[in-house]
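Okay, structure first, notes after.
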Amino acid sequence: MISNSAKNRTALMPMLICCALFFILGFVTWANGSLIPFAKKAFSLETDLQAYLVTFASYIAYFFLAIPSSWILKKIGFHNGLVASLLVLGLGSLLFIPAAEKSSYVLFLAAIFVQGSGMALLQTAVNPYLSIIGPIESAAQRISIAGFCNKTAGMVAPLVLSTLLLKGANAAEAKLALASSAVEKQAILDELLNQLHAPYISLAVVLAIFALVLKFVKLPEVNAEEDTQKEHSTNSSIFAYPHLFLGALAIFFCVAVEVMAGDIIGTYARQLGTVPQIFRDNATAFTLGFMLLGYLIGIVAIPRFISQQAALRICTTVGILFTVLSVFTTDVVSFWFVAMLGLANSLMWPAIFPLGIKGLGQHTKTGSAIMIMGIAGGAIWPLVYGFMKDELKVDFQHAFLYAMLPAYLYIVYFATKGHKAGAENR
């Protein structure tokens, strides 16, 4: 347990471990940006809406697994929870192998769902751990540092997978156009799917090794209840804290706009038509590059120059501006405005999460799980966008606007008023 005297400083080892875990989260999460176009080609999917089930399978796991994850953490503690999450992530990585062997999109999605389950447990453990190992006033700064590692991995993942998978997918697409029989086409697709073996076996091995190392690294076990009960009143019901549920909805929309700007940008660029191939194949990396810039700003500025709430208001305003500009511009200019949404989105999670769990006392672990459930926004919003675009035949740029604008407007509400709800109970 972290003592009261330690609460005014951040322990180095836990911080380094959290940064490493956020790197892993970033790599696995943002790999989806490359898996969407890969899956569309490898499984011969007809629409983008079908391909967006890749993000749905990953992010919907948070909705179903967040509360069970909090129960697991109460039983085994934060440290063991981190180890278990890495093992589940490794299992999900191995499931890509039979998915490739059987050419099964359902099994492919199941592998992503299992990975998402591991990430749900990891997120439920690591976010409150990161918030509590130091002063709550600088939690956004610590999450920004860890987020820098997360988005660095997010830049690496699409670059690695585009080299390993998308180049092969582009070559396979050219071969398919020349194939004369169904048997020949299936052989080309099987060869493409077999390219999943090396990266995901390697990922599973790395995760297993890190889990083993983490098991034997001594980390302080944070007792969130004891650490907070002297500072805050502890109501018997979690429903006495409306700011928590408003915060979870803010996380829902925060992740929604992150995924739209980070994972959907690849298909958005392809529909623009005039964006160079290298931009289309590595589109997610450009968004995450701007997110890295935003995290650097957060590390320097919060809380030294601006508060968490002020950072949140600035980010949402910039997000609205860039979204509008992306819709009313064309070609590469529109692409860059979508990519620059990474800058706008960068400091939203670091500000929203500590505001949402502030003052929960004995309910911190359960409250964290409720906040993590909001990550399901990354599952739902791409489907909303895809439905408007593919089924309702809304122009893809206007569909992007209609999806993004309500999300940003709600986050503005949370940044100005929502986080203050129920302040009398804290």
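If you take CG on D263 and CH2 on W30, they are separated by 5.5 Å, rounding to the nearest 0.5 Å. With rounding to the nearest 0.5 Å, the separation of CG in L73 from OG in S85 is 9.0 Å. Separation of atoms OG (S334) and CG (L272) is listed at 5.0 Å; rounding is to 0.5 Å. Here the OG1 atom belonging to T152 is positioned 10.5 Å from the OH atom belonging to Y295, to the nearest 0.5 angstrom. We find the CG-NZ distance between D48 and K40 to be 3.5 Å, quoted to the nearest 0.5 Å. Between atom CG of residue L296 and atom CG of residue L343 there is a gap of 10.5 Å, rounded to the nearest 0.5 Å.
You'll find the side chain of I24 stays beyond 4.5 Å of the side chain of V206, heavy atoms only. L401 places a side-chain heavy atom less than 4.5 Å from the side chain of T323. At least one side-chain heavy atom of P37 sits less than 4.5 Å from a side-chain heavy atom of R270. Taking 4.5 Å as the limit, every side-chain heavy atom of M373 sits out of range of all side-chain heavy atoms of Y62. By the 4.5 Å heavy-atom criterion applied to side chains, L383 and L53 are counted as neighbours. Side-chain contact between Y385 and Y52: present, with at least one pair of heavy atoms (C-beta onward) separated by less than 4.5 Å. Under the 4.5 Å side-chain criterion, counting only non-hydrogen atoms from C-beta, Y410 is in contact with L249. Side-chain atoms of L288 and N150, non-hydrogen and from C-beta on, never get closer than 4.5 Å to each other.
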Identify every side-chain donor-acceptor pair in residues 113-120 under 3.5 Å, counting partners at least two apart or on other chains, and give the distances.
from, atom 1, to, atom 2, distance (Å)
Q115, NE2, S93, OG, 3.0
S117, OG, F113, O, 3.0

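Ring geometry for F322 against F337 counts as tilted: the plane angle lies between 30° and 60°, on a 0 to 90° scale. Ring geometry for F108 against F96 counts as perpendicular: the plane angle is over 60°, on a 0 to 90° scale with 30° as the lower cut. Relative ring orientation between F396 and Y268 is described as perpendicular, the plane-to-plane angle rising above 60° on a 0-90° scale split at 30° and 60°. A perpendicular orientation is assigned to the rings of Y241 and H243, their planes being inclined by more than 60° (bins at 30° and 60°).
Between C315 and L347, the shortest heavy-atom distance links the atoms SG-CB, 3.5 Å. Taking all atoms of both residues into account, the shortest heavy-atom contact from S326 to Q397 is O-NE2, 3.0 Å. Of all non-hydrogen atoms in A153 and F27, the two that sit nearest each other are CB-N, 3.5 Å. The shortest non-hydrogen separation linking T274 to V332 is O-CG2, 4.2 Å. Nearest heavy atoms, A211 versus V83: O-CG1, 3.8 Å. Between M388 and A399 the shortest heavy-atom distance is CE-O, 3.3 Å.
Ring centers of W381 and Y59: at least 6.0 Å apart, outside the cut-off. Under the 6.0 Å cut-off for aromatic ring centres, F239 and F245 qualify, their centroids lying closer than that.
Proximity of a side-chain donor or acceptor of S70 to a complementary backbone N or O of I67 within less than 3.5 Å is detected. Between the K417 side chain and the F414 main chain, no donor and acceptor come within less than 3.5 Å of each other. A donor-acceptor pair is defined here as one N or O able to donate and one able to accept, closer than 3.5 Å; such a pair exists between the side chain of T287 and the backbone of A261. Checking side-chain atoms of R313 against main-chain N and O of T416 turns up no donor-acceptor pair under 3.5 Å. Distance alone, capped at 3.5 Å, places no donor-acceptor pair between the H419 side chain and the Y413 backbone. For D395 (side chain) and H398 (main-chain N/O), a donor-acceptor pair under 3.5 Å exists by modelled atom type.
Side-chain atoms of Y408 and N345 form a donor-acceptor pair, as typed in the model, at a separation below 3.5 Å.
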* Run the side-chain contact (heavy atoms from CB on, under 4.5 Å) check on I411 and C254 step by step: do they pass? -> CA-CA 7 Å; I411 298 171; C254 167; 4.3 Å; yes
* To do: Walk me through it: do D331 and V275 pass the test side-chain contact (heavy atoms from CB on, under 4.5 Å)?
  => CA-CA 6 Å; D331 305 327; V275 177; 6.0 Å; no
* Show your reasoning for whether side chain to side chain donor-acceptor pair (under 3.5 Å) applies to K75 and N80. => CA-CA 9 Å; K75 291 291 183 182; N80 290 329; over 6 Å; no
* Asked: Are M260 and L341 close enough, and set up right, to give a side-chain contact (heavy atoms from CB on, under 4.5 Å), and what steps lead you there?
  -> CA-CA 9 Å; M260 289 292 294; L341 285 173; over 6 Å; no
* To do: Walk me through it: do I352 and M371 pass the test side-chain contact (heavy atoms from CB on, under 4.5 Å)?
  => CA-CA 9 Å; I352 292 169; M371 292 287 284; 4.1 Å; yes
* To do: Just do the side chain to side chain donor-acceptor pair (under 3.5 Å) check on K389 and T47 with the steps written out, would you?
  => CA-CA 10 Å; K389 180 174 67 69; T47 66; over 6 Å; no
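Counting heavy-atom neighbours within 6.0 Å of I278 CD1, excluding the residue itself, gives a total of 12 or less. Few gaps surround CD on E391; more than 12 heavy atoms of other groups in view lie less than 6.0 Å from it.
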